[in-house]
Amino acid sequence: MAEKQQQQTGHVEDEIPPSLVGHTFIVPKKEINMVPDMMKWKRSQAYTDYMGFVLALNEGVKGKKLTDDYKVSEVIHKLMSLLDTLNRWIDEMPPVDQPSRFGNKAFRTWYAKLDKEAENLVSTVIPVHLSAAVPEVAVYLKESVGNSTRIDYGTGHEAAFAAFLCCLCKIGILKVDDQLAIVFRVFNRYLEVMRKLQKTYRMEPAGSQGVWGLDDFQFLPFIWGSAQLIDHSILEPRHFVDEKVVNEHHKDYMFLECILFITEMKTGPFAEHSNQLWNISAVPAWSKVNQGLIRMYKAECLEKFPVIQHFKFGSLLPIQPVKS
């Protein structure tokens, strides 16, 4: 992968951002316990900041390929090695023999390891002068890999990983010029590790809507992936259901990577197992696909109680109402 290495400059990194001077970090906790609490979420600073983060990255990746040149900072490298560690643990904890095909119990062993090590892992990314943030930020990493009781994974877990990255931006570790690397390097690697978890431990889709949902497990890569394809000179939405096109271009485009994974995991006609995506392939322009997916993400994920009831709120993503 082409990249431009960035030289670290020590002194700037050691300053606490002005917004964090005297800041009290808190371990995030659940706040959405009943359906009426959803109004608190929609009015919260957390919702505004989370959605702002998703949309900023959406703008940042428009028209860009995964294989383009972009800055890869020291923090990005540290996040990649954190994800490589999670990946290595999967190899060290193979699935166990059990009667049930789905939900392999070895996932619980893998998750227990993450639960124990999460703060240590996060402290490799967060510099010492911001170490007070580690317990808060580490919660989002632990929430981002699936549920160890149900052995399932869904868009709420994906949202926790985006929240983890959002928190790293809020404490000033990830910068605006890290945007491409956040999506193309870190988030893309996260997806690879999650796909490996899903395959290895045969995880159930959390709250899946079956053929009526967009995808069993993910949503954000379809949003950012469609942004990448806006104004593409050749590829139109109708092309992503063409196996040849997907095989030729998936290394450049996140959206096509997602399609490839679906076709590897599911059998039968695409229109039957992925009806929503099939319908989307009839939309004439990627910009329309992108706008439609953002609306759908809000309605089907962020405004659904079964998804958001698990979201945790702290000092960086607070439940308090947005400051107008």
Give the ring-plane orientation class for Trp41 versus Tyr47, where under 30° counts as parallel, over 60° as perpendicular and anything between as tilted.
perpendicular
Closest heavy-atom pair, Pro237 versus Val289, reported as atoms and distance to 0.1 Å, is CG-CG2, 3.9 Å
Measure the acute angle between the ring planes of Phe240 and Phe270, then classify it against the limits of 30° and 60° as parallel, tilted or perpendicular.
perpendicular
Test your reading of the model: is there a side-chain donor-acceptor pair from Gln98 to the backbone of Ser100, 3.5 Å cut-off?
yes
Measure the shortest side-chain to side-chain distance between Ile16 and His129 over non-hydrogen atoms and say whether it is less than 4.5 angstrom.
yes
With a 4.5 Å cut-off on side-chain heavy atoms, are Glu257 and His250 touching?
yes
Side-chain heavy atoms nearer than 4.5 Å, only ILVMFWY residues, links allowed to pass through others: does that put Val139 and Val125 together?
no
Would a single hydrophobic cluster contain both Phe305 and Ile319, if residues Ile, Leu, Val, Met, Phe, Trp and Tyr are joined by side-chain heavy-atom contacts under 4.5 Å?
yes
Output yes when a side-chain donor or acceptor of Gln228 lies under 3.5 Å from a complementary backbone atom of Lys64, and no otherwise.
yes
Mind checking whether Tyr297 and Phe219 have parallel, tilted or perpendicular rings, split at 30° and 60°?
tilted
Exercise: identify the closest heavy-atom pair between Pro135 and Pro28
O-CD, 4.5 Å
Glu158 and Gln218: side chain donor to acceptor below 3.5 Å
yes
Which is it for Asn147 and His157 under the side-chain contact (heavy atoms from CB on, under 4.5 Å) test, yes or no, and what are the steps along the way?
CA-CA 8 Å; Asn147 181 286; His157 302 108; 4.0 Å; yes
Shortest non-hydrogen contact between Ser144 and Met194, atoms and distance:
O-SD, 3.8 Å
Plane angle bin for Phe217 and Tyr153 - parallel if under 30°, tilted between 30 and 60°, otherwise perpendicular:
tilted
Give, for atom NZ of Lys266 and atom OG of Ser274, the distance between the pair rounded to the nearest 0.5 Å.
5.0 Å
Hey, is NZ on Lys40 packed in by over 12 heavy atoms from elsewhere, all under 6.0 Å?
yes
Can you name the one residue among Phe53, Tyr190, Tyr50 that meets ring-ring contact (aromatic ring centres under 6.0 Å, His included) with Phe161?
Tyr190
One should read off an interatomic distance between Glu117 CD and Thr124 OG1, to the nearest 0.5 angstrom, of 11.0 Å
With a 4.5 Å heavy-atom cut-off, do Arg195 and Cys258 have their side chains touching?
yes
Mark yes or no for whether Asn247, through its side chain, and Lys244, through its backbone, hold a donor-acceptor pair below 3.5 Å.
no
Pair Asn87-Arg189, side-chain contact (heavy atoms from CB on, under 4.5 Å): steps then yes or no
CA-CA 10 Å; Asn87 190 59; Arg189 181 66 179 137; 3.3 Å; yes
Has the side chain of Asn290 got a donor or acceptor atom that lies under 3.5 Å from a matching backbone atom of Ile223?
yes
Exam field: side chain Asn104 to backbone Val96, donor-acceptor pair closer than 3.5 Å:
yes
More than 12 heavy atoms of other residues, nucleotides or ligands under 6.0 Å from CG of Asn33: is that the case?
yes
Evaluate the criterion side-chain contact (heavy atoms from CB on, under 4.5 Å) for residue pair Val72 and His77; output intermediate values, then yes/no.
CA-CA 7 Å; Val72 180; His77 283 298; 3.4 Å; yes
Interatomic spacing from CD1 in Ile182 to CG in Leu79 - rounded to 0.5 Å
8.5 Å
Does any non-hydrogen side-chain atom of Asn188 lie less than 4.5 Å from one of Met254?
yes
Presence of salt bridge, Glu31 and Lys312, under 4.0 angstrom
no
Please check if the number of heavy atoms outside Lys30 that lie under 6.0 Å from its NZ is greater than 12.
yes
State yes or no: are the ring centers of Trp286 and Phe255 separated by less than 6.0 Å?
yes
Just wondering, do Thr263 and Glu243 contact through their side chains at under 4.5 Å, heavy atoms?
no
Kindly give the heavy-atom pair with the smallest separation between Pro318 and Ser44, and that separation in Å.
O-CB, 3.7 Å
Is the shortest side-chain heavy-atom distance between Ile294 and Lys298 below 4.5 Å?
yes
Please check this pair: side chain of Asn275 against backbone of Glu272, looking for a donor-acceptor N/O pair closer than 3.5 Å.
no
Yes or no on side-chain contact (heavy atoms from CB on, under 4.5 Å) for Ile76 and Leu174, after CA distance, side-chain angles and deciding distance?
CA-CA 8 Å; Ile76 297 291; Leu174 288 171; 3.8 Å; yes
Taking atom CD of Glu192 as the centre, does the number of heavy atoms from other residues, nucleotides or ligands within less than 6.0 Å exceed 12?
yes
Presence of salt bridge, Arg150 and Glu204, under 4.0 angstrom
no
Does a sphere of radius 6.0 Å around CZ in Arg88 hold more than 12 heavy atoms from other residues, nucleotides or ligands, not counting ones at 6.0 Å or beyond?
yes
May I ask whether Leu20 and Val27 are part of the same hydrophobic cluster, defined by side-chain heavy atoms of I, L, V, M, F, W, Y residues being less than 4.5 angstrom apart, directly or through others?
no
Under 3.5 Å, side chain of His239 to main-chain N/O of Glu236, donor-acceptor pair present?
yes
Side-chain ion pair, Asp91 and Lys196, N-O less than 4.0 Å
yes
Minimum heavy-atom distance between Pro95 and Tyr201, given as atom pair plus value
N-CE2, 4.3 Å
Please name the pair of heavy atoms, one in Ser148 and one in Phe107, separated by the smallest distance, quoted to 0.1 Å.
CA-CE2, 3.7 Å
Phe184 side chain near Thr67 side chain, heavy-atom distance below 4.5 Å:
no
For the OG atom of Ser281 and the CZ atom of Arg238, what is their distance to the nearest 0.5 Å?
10.5 Å
Would you give the length of the straight line joining atom CG of Leu220 to atom CG of Leu191, rounded to the nearest 0.5 angstrom?
8.5 Å
Indicate yes or no: at least one non-hydrogen side-chain atom of Lys170 is less than 4.5 angstrom from one of Leu316.
yes
Under 4.5 Å side-chain linkage, directly or through intermediates, the cluster mates of Phe261
Met265
Any donor-acceptor N/O pair, Thr85 side chain to Ser81 backbone, under 3.5 Å
yes
Within a 6.0 Å radius of atom NZ on Lys62, are there more than 12 heavy atoms belonging to other residues, nucleotides or ligands?
yes
Can Val176 be reached from Ile173 by stepping across I, L, V, M, F, W or Y side chains whose heavy atoms are under 4.5 Å apart?
no
Using modelled atom types only, decide if a donor and an acceptor are shared between the side chain of Tyr111 and the backbone of Lys142 within a distance under 3.5 Å.
yes
Joint hydrophobic cluster, Leu55 plus Met296, side-chain heavy atoms closer than 4.5 Å
yes
Would you check if the side chain of Glu136 reaches a backbone N or O of Ser315 as a donor-acceptor pair within less than 3.5 Å?
yes
What's the separation between atom CG in Leu214 and atom CD1 in Ile280, rounded to the nearest 0.5 Å?
5.0 Å
